Amino acid sequence: MKEGKNISRTRAQESSAAIEKMYITMRHLFNRGFYKPMGISGDTLREALMTLRPEIYGNIADEKVELKGLLYVIERLPVGIEECRFINLTSDEGYSKSHFQAIIPPKRRRNCYRIDEEQMNVEITRGRSDIYDILTHLTFIFIESHKIKNRVLLDDGGEVSRDWLKLEQAVLKNEKLSLIEKEIAISHAANILARTFEDVLEIYDDFASEEVPDRFLHIIFWLGKLAIEEVLTNNKRTITFSPILRERLGHHIHGEIWATHIKEVLKENQLLGRPIHIISANMHSVMNSIFAKNALKTTFKGKSDFDIFGELSKSSAYEVRNTVQKTALKQGMIFLPESAGTNIDVQIFDTAKIDWETTSFPNANLGDEKPVLIVMDYAFGEQAYETVDELLKPYKKNILLNVQSVSIMGKAGILEGDKGDIMIPNAHINEGTADNYFFENELTPEMFEGNDIAVFSGSMVTVLGTSLQNRDLLKFFHESTWSVIGLEMEGSHYQKAIQSASKIRKSIPKDVKVRYAYYASDNPLETGSTLASGGLGTTGVKPTYLITIKILEQIFNINY
């Protein structure tokens with residue numbers, strides 16, 4: 001008889017199970033309608049996140065408070081949410097027509113409304129991925145808030161440490177602190193957070209806003225204050241999901257309105273019957289790639305194309321960006337600002353109206369039927385399926401769209417390489433389900449050679465959220481026979497919509513071409529290179545435009 005083998009799970013297997021548990025738990029809590037993150041109903045979510053220990057949340061499992069992870073999360077949540085005991089996730093329910101002012105987080109496009117001192121409403125119009133995103137972020141900051149509570153609450157009677165009293169005094173002063181006052185407060189905050197004075201000083205100004213220069217102290221104080229009250233009064237923070245959100249989610253309501261509007265504009269401009277090329281990108285790279293060089297030839301005389309693109313990417317370059325946009329609008333570009341709740345703006349380019357001799361593509365070979373470009377801003381996670389699935393459906397059930405290609409240019413985490421490198425995938429693997437989508441990518445690594453940018457080719461994993469990744473799971477994907485080169489959130493959702501429309505529903509041509517290319521925004525396997533380490537800056541300019549230009553060269557039938 002064989003001796004029983006001691007079977008233990010690897011960290012990658014534990015992490016995979018934790019992600020699956022979080023995914024199931026979040027859907028259960030959504031269906032339930034409410035839960036208390038730091039109560040019994042939030043236990044499973046907290047435990048799974050602590051088991052997973054995502055790279056982006058750094059020291060979540062340690063006693064000390066994680067500062068870079070906190071900054072990453074705070075930039076994606078509405079200002080003031082740390083003060084709110086009640087967080088209500090809603091659909092678009094008409095608050096834009098009220099006296100409430102929309103609060104939009106700097107790094108996440110979602111409308112939020114401060115209802116009163118205790119309640120923040122957050123509009124969810126981009127699908128389930130938006131819910132996964134905000135729930136994991138909230139779970140993280142609530143865990144961190146209880147670390148603060150553990151450091152300052154001395155007994156069950158409510159006695160608090162001297163450091164906490166001094167921090168409270170600085171925050172409730174409600175005016176800008178002098179340098180001396182600020183450094184005294186930082187000293188007390190550092191003790192509370194189990195961090196060095198230098199740690200706090202380095203990141204302090206990253207939290208600041210013009211209105212609240214000492215916002216870091218306010219955030220730490222309110223997180224700790226609500227956590228203390230949860231313990232002393234059992235008055236726990238609560239997350240609720242509105243009945244309208246629960247009723248609407250998953251039914252493509254916003255995506256259908258968005259896609260129908262695009263098709264109606266195409267019909268109004270007699271573009272519905274023309275060959276269509278859909279490009280998912282930002283709202284500047286296609287427009288600038290076509291028009292910027294000539295529109296700004298006197299402004300940036302003697303500068304290379306990529307230098308011009310770099311100048312256009314600066315936050316202060318409003319006037320020159322406006323010049324390019326005016327040129328594009330004169331030559332047939334139609335801009336459709338978002339109005340359906342998707343947060344996805346759209347540009348439509350009628351190539352028949354473009355004076356190609358005055359563009360960066362004078363050799364464009366467009367044939368007799370001049371194509372139409374539909375450029376859609378980035379979708380978010382599962383929203384990619386909702387929007388593209390609706391866009392590829394026939395107009396009024398019987399007018400099929402002649403979609404010749406769908407091109408995706410995006411940013412992703414890379415597992416072998418550095419920020420700014422390029423990834424050319426040949427398959428997308430859906431994390432958690434192992435559903436996989438193989439495709440013939442019209443873009444190849446060879447097309448990008450000779451540009452001093454490293455290029456990687458292979459499969460990519462579509463993840464539930466960037467905030468749920470950990471090193472062990474990513475190493476497994478990279479080093480196993482999956483040979484994953486990077487991770488992103490939309491690829492498999494785009495491909496699912498394209499395949500169903502072209503191969504099953506036959507609403508677009510079955511030989512539709514697909515192009516996928518990503519530039520690396522971070523390397524989650526490298527310490528100090530995760531998304532929490534900061535943005536790309538100008539590093540992303542060259543790969544962004546290089547990918548865009550290669551996509552356009554194929555659409556315009558230019559061979560070099």
Side-chain angles (χ1 to χ4, degrees), residues 19 23 126-130 132-133 255 277-282 285 342 344 375-392 403 405-417 421-445 448 455-469 473-474 477-478 482-503 508 512-524 531 540 543-544 547-548 550-551:
I19 289 176
Y23 177 63
R126 306 178 76 183
R128 287 191 180 91
S129 294
D130 223 5
Y132 307 149
D133 185 64
H277 297 271
I278 297 168
I279 303 173
S280 173
N282 51 56
S285 57
T342 60
I344 298 177
V375 181
M376 57 180 284
D377 209 344
Y378 298 121
F380 186 71
E382 291 183 20
Q383 186 194 34
Y385 176 74
E386 173 180 340
T387 48
V388 175
D389 182 58
E390 292 296 331
L391 186 56
L392 298 182
V403 177
S405 72
V406 182
S407 304
I408 313 299
M409 187 278 290
K411 60 183 179 180
I414 196 167
L415 301 182
E416 181 185 345
D421 290 348
I422 288 175
M423 291 160 277
I424 307 295
N426 54 29
H428 287 295
I429 302 157
N430 216 20
E431 179 188 60
T433 63
D435 293 344
N436 49 81
Y437 301 86
F438 178 81
F439 48 84
E440 294 291 340
N441 195 342
E442 294 295 311
L443 299 174
T444 64
F448 296 89
V455 185
F456 299 88
S457 179
S459 57
M460 293 188 72
V461 61
T462 298
V463 299
L464 278 176
T466 52
S467 56
L468 293 182
Q469 298 317 300
L473 188 57
L474 294 175
F477 272 124
H478 181 52
W482 286 112
S483 301
V484 166
I485 56 170
L487 62 147
E488 47 76 61
M489 285 182 61
E490 294 82 27
S492 67
H493 304 301
Y494 280 126
Q495 191 59 26
K496 181 166 66 170
I498 295 165
Q499 285 184 194
S500 62
S502 61
K503 302 290 193 291
I508 63 171
V512 62
K513 291 179 168 60
V514 294
R515 303 179 188 91
Y516 290 92
Y518 300 89
Y519 61 92
S521 58
D522 63 298
N523 185 333
L531 281 171
T544 297
I547 292 168
T548 305
K550 293 302 176 186
I551 289 171

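All of these numbers come straight from a predicted model, not from anything done at the bench.
Side-chain atoms of Glu490 come within 3.5 Å of backbone N or O of Gly381 as a donor-acceptor pair. In this structure, Asn523 contributes its side chain and Gly417 its backbone to a donor-acceptor pair below 3.5 Å. A donor-acceptor contact shorter than 3.5 Å links the side chain of Ser459 to the backbone of Trp482.
Looking at Asp421, Val455, Ile422 one by one, the single match for side-chain contact (heavy atoms from CB on, under 4.5 Å) with Pro543 turns out to be Ile422. Across Glu382, Glu488, Glu431, a single residue satisfies side-chain hydrogen bond (donor to acceptor under 3.5 Å, both in side chains) together with Thr462, and that is Glu488.
The shortest side-chain heavy-atom distance between Asn436 and Asn430 does not fall under the 4.5 Å cut-off. In this structure, the side chains of Met460 and Ile429 stay at 4.5 Å or more apart for every pair of heavy atoms. Two residues are said to be in side-chain contact when any heavy atoms from C-beta on lie closer than 4.5 Å; Ile344 and Tyr378 fail this criterion. Using a 4.5 Å heavy-atom threshold, the side chains of Leu487 and Pro524 count as touching.
Here the straight-line distance linking atom CG of Leu392 with atom OG of Ser500 works out to 7.5 Å at 0.5 Å rounding.
Judged by a 6.0 Å distance limit and a 45° cone about the ring axis, Lys496 is positioned over the six-membered ring of Tyr385.
Scored by the side-chain hydrogen bond (donor to acceptor under 3.5 Å, both in side chains) test, Ser407 finds Arg515 as partners (sequence neighbours excluded). Checked against side-chain hydrogen bond (donor to acceptor under 3.5 Å, both in side chains), Tyr516 has the following partners two or more places apart in sequence or in another chain: Gln495. In this structure Asp377 satisfies the salt bridge (charged side-chain N to carboxylate O under 4.0 Å, His left out) test together with Arg109, sequence neighbours excluded. Among residues two or more places apart in sequence or in another chain, the side-chain hydrogen bond (donor to acceptor under 3.5 Å, both in side chains) test is passed with Ser280 by Tyr494. Judged as a side-chain hydrogen bond (donor to acceptor under 3.5 Å, both in side chains), and not counting sequence neighbours, the contacts of Asp130 are Arg110. Taking Glu390 as the reference, Lys393 meet the salt bridge (charged side-chain N to carboxylate O under 4.0 Å, His left out) condition, with sequence neighbours excluded.
The shortest heavy-atom contact between Phe448 and Ile424 is CE1-CD1, 3.5 Å.
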